[in-house]
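Each remark here refers to the structure printed beneath this line.
Naming convention: chains lettered A, B, ... in sequence-line order (proteins, then strands); numbering from 1 in each chain. Since we're looking at a predicted model, the values are computed, not measured.
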2 protein chains.
Amino acid sequence: MHILIVEDELGIVQFLQQGLEEEGYQISTAADGAQGYELSQNEPFDLILLDWMLPKMTGIEVCKAIREKDKITPIIFLTAKDTVQETIEGLKAGANDYIKKPFSFEELVERIKIHFRNQQQDEILTLGSIEINLAQYLVLVNEEEVSLTHREFELLCYLVKNKGKVCTRNQIIEDVWDIHFEYDTGVIDVFMNAIRKKLNLKIEQDYIKTVRGVGYIAND
Amino acid sequence: MHILIVEDELGIVQFLQQGLEEEGYQISTAADGAQGYELSQNEPFDLILLDWMLPKMTGIEVCKAIREKDKITPIIFLTAKDTVQETIEGLKAGANDYIKKPFSFEELVERIKIHFRNQQQDEILTLGSIEINLAQYLVLVNEEEVSLTHREFELLCYLVKNKGKVCTRNQIIEDVWDIHFEYDTGVIDVFMNAIRKKLNLKIEQDYIKTVRGVGYIAND
DNA sequence: TTTATTCTTAAGCTAAAATTAAGAATATAA
DNA sequence: TTATATTCTTAATTTTAGCTTAAGAATAAA
C-alpha cells in the first residue's frame, strides 16, 4: 500500500514517514502543494495525507484538483486548522476524513486502515516470489504474469496451500484429480513439468522440490 | 438513503432525526443496542449512527456483531467517549468514523455524505472503451451505441461489476439467472456469444476472456 | 554399471466452449 | 383480445484447448 504525504514541515514529514513505514506502508512525500498534485497525477497512490497550509497550492486546492479526475483515492486532511467551518470546507472539497493536529498517531493509523479494509479482501497465496491470486486465477512470478491451465493452477495451489509438507502422489491424485483408486500413470509428472517450465524459476528459486519415491514439496 | 440511529437519549434522537430528515434522509431509530442490532439484520440500511453507551448491548458490541456478516454498511460512532483509546477501540471494532460529542451537526452531515459519495457515482460502469449507463440501460462501445437485450445487459453488468475477478458459471447462474440448483445447459455460452458479437470488439480489445473450466473474467 | 525413478516430448483423445438454428416463452402492437 | 415481433432456451454441430497416455531420455540411487 502506497501513501503520499503532502506536508511542508520537515519534522512532521519525518515523524509520519518513519511511523507509517514501520506499519508496512510504502511512502512518498511532497513538500509543497504543486509537487503533491504533480506526484498524484504521475503514479497511482492508495491514499493521500494532505496538510492545509502549503506553499504554492493550498491543501484545499490540491484536494479539489485531484478530485476533478479521481473520485476514489482516499484523501485525509491532517491539519492545525481546527474550526468546524474549516473541517466542513475540507470535507466538501472531497476529502474522506479530517484529522486535527495535534493528533494521536495510533488514531491516524486506524483511520488509514479504514480505507484499506474494503480493498484487501482478495485472497492471495505466496510461495517465495510467486504470487497466486485466487479470485483472478492469476499467477505472478517476479511480478510477471504467467498463464496456467486450470489443472496446472489447481496443482500449484495445492502444493502452496500445503507449503512445508510433502504431498504424496496418492494425495495429489485424490485431492487435485479427485480420483479415489490406485492410479499410476505419469499425469502428475507431466503437469509438474509443465508448471515448472511455465514458472521458469531460477536455480536458487527452488521452491518446488521433488521428494524422490514419495512426491513433491513446496517451500519458500 | 436510509439511516439507522441507535441512541438512547431521546433528546439527541429527536434532534438527529429532525435534522437528517430535513436533509432528505429516511430515518429509523432504536433506543437500545439489542433493538439496534435486530433492526440492522432485518432490513438493509445505507448507514448506521451508533452511540457507545447503550442499554442491553453497548455500541461496540453492536458494531462487532454487525461486522461479523456485513463488512460494508458504513457505521459512524457518535459518542461522548472522547479519549484516544476509546476512539481507537471504536474504529478497531469496524466503525468507519468516530465523532465526539458535542459535535457540529453540519460536520456530521458532511461526514455522512462522504460515505454516500462513492455509492452514488456508479451510475456509469466502464470496461476499457465500453461504457455502461445503468440508469439508461445503455451501452456504448467506442462511443457507438450498442443495443443489448435485458439478459445480455445484466450479464455484461455482472462481469463488469466483478471486474478483475473470475466469475464461475455457477456464480453467474446464481446471480444473473437467479437459479439456485445445479444447472448446466449452454445458456451462458449462448449469451456470451451474443454479447461478444454485438460488442464487436477488436482483437486487442479482449476485455472479456473465458477461463476454461471455470467461467469468464472481465478486465480493461 | 545396473536399476529405478523422474523428466520430457509428442500424438491422440476428451471434454469444454463457440456457434448455429429452431422452437418456446414473453412482450409489444394492432 | 389476437397478431406480430422480440427475446430466451434448448439442442445439435463444430471447433479448440488441454488432458492423458506412452515411450524414450535424463537423472538419481543401489
Item to check | Nucleotide C/dA18, atom C1' - distance to CD1 of B/Ile195 in whole Å | outcome: 14 Å
Checklist entry - Are B/Glu107 and B/Arg111 within salt-bridge range, i.e. N to O under 4.0 Å? => result yes
Checklist entry - Passes ring pair (Phe, Tyr, Trp, His ring centres under 6.0 Å), B/Phe191 versus B/Trp177? Steps please. => result CA-CA 12 Å; B/Phe191 275 80; B/Trp177 266 262; 5.4 Å; yes
Checklist entry - With sugar-phosphate meaning primed atoms plus P, OP1 and OP2, does B/Phe153 contact a base, only sugar-phosphate, or nothing at under 4.0 Å between heavy atoms? => result nothing
Item to check | Start and end of chain A contact along DNA chain D [non-hydrogen atoms, under 4.0 Å] | outcome: D/dG18 to D/dA29
Checklist entry - Given atom CG of B/Asp189 and atom P of C/dT19, what is their separation to the nearest angstrom? => result 10 Å
Item to check | Integer-rounded Å distance: C/dA16 C1' and B/Met192 CE | outcome: 15 Å
Next on the checklist: On DNA chain D, compare the nucleotides closest to A/Leu148 and A/Thr185; which residue's is nearer the 5' end?
Outcome noted: A/Leu148
Checklist entry - Between B/Tyr98 and B/Trp52, how do the two ring planes meet: parallel, tilted or perpendicular, split at 30° and 60°? => result perpendicular
Next on the checklist: Is it the case that the base of C/dA17 and the side chain of B/Arg212 share a donor-acceptor contact (distance under 3.5 Å, atom types as modelled)?
Outcome noted: no
Checklist entry - Just by distance, with hydrogens left out, do B/Arg169 and B/Tyr183 show a side-chain donor and acceptor under 3.5 Å apart? => result no
Item to check | Pair B/Tyr207, B/Asn219: side-chain N/O donor-acceptor within cut-off below 3.5 Å | outcome: no
Next on the checklist: How many whole angstroms separate atom CD1 of B/Ile208 from atom C1' of C/dA17?
Outcome noted: 15 Å
Checklist entry - Any luck finding a side-chain donor-acceptor pair between A/Gln205 and A/Asn142 under 3.5 Å? => result yes
Next on the checklist: Heavy-atom nearest nucleotide on DNA chain C for B/Asn193 versus A/Val190: which residue maps closer to 5'?
Outcome noted: A/Val190
Next on the checklist: Within the 4.0 Å heavy-atom criterion, would you say A/Arg151 contacts the bases, only the backbone, or no part of the nucleic acid?
Outcome noted: sugar-phosphate
Next on the checklist: Between B/Lys197 and C/dT19, is there a contact of a side-chain N or O with OP1 or OP2 at under 4.0 Å?
Outcome noted: no
Checklist entry - Who pairs with B/Tyr25 by ring-ring contact (aromatic ring centres under 6.0 Å, His included), at least two apart in sequence or on another chain? => result B/Phe116
Item to check | Residue whose nearest DNA chain D nucleotide is more 5′ - B/Val187 or A/Val187 | outcome: B/Val187
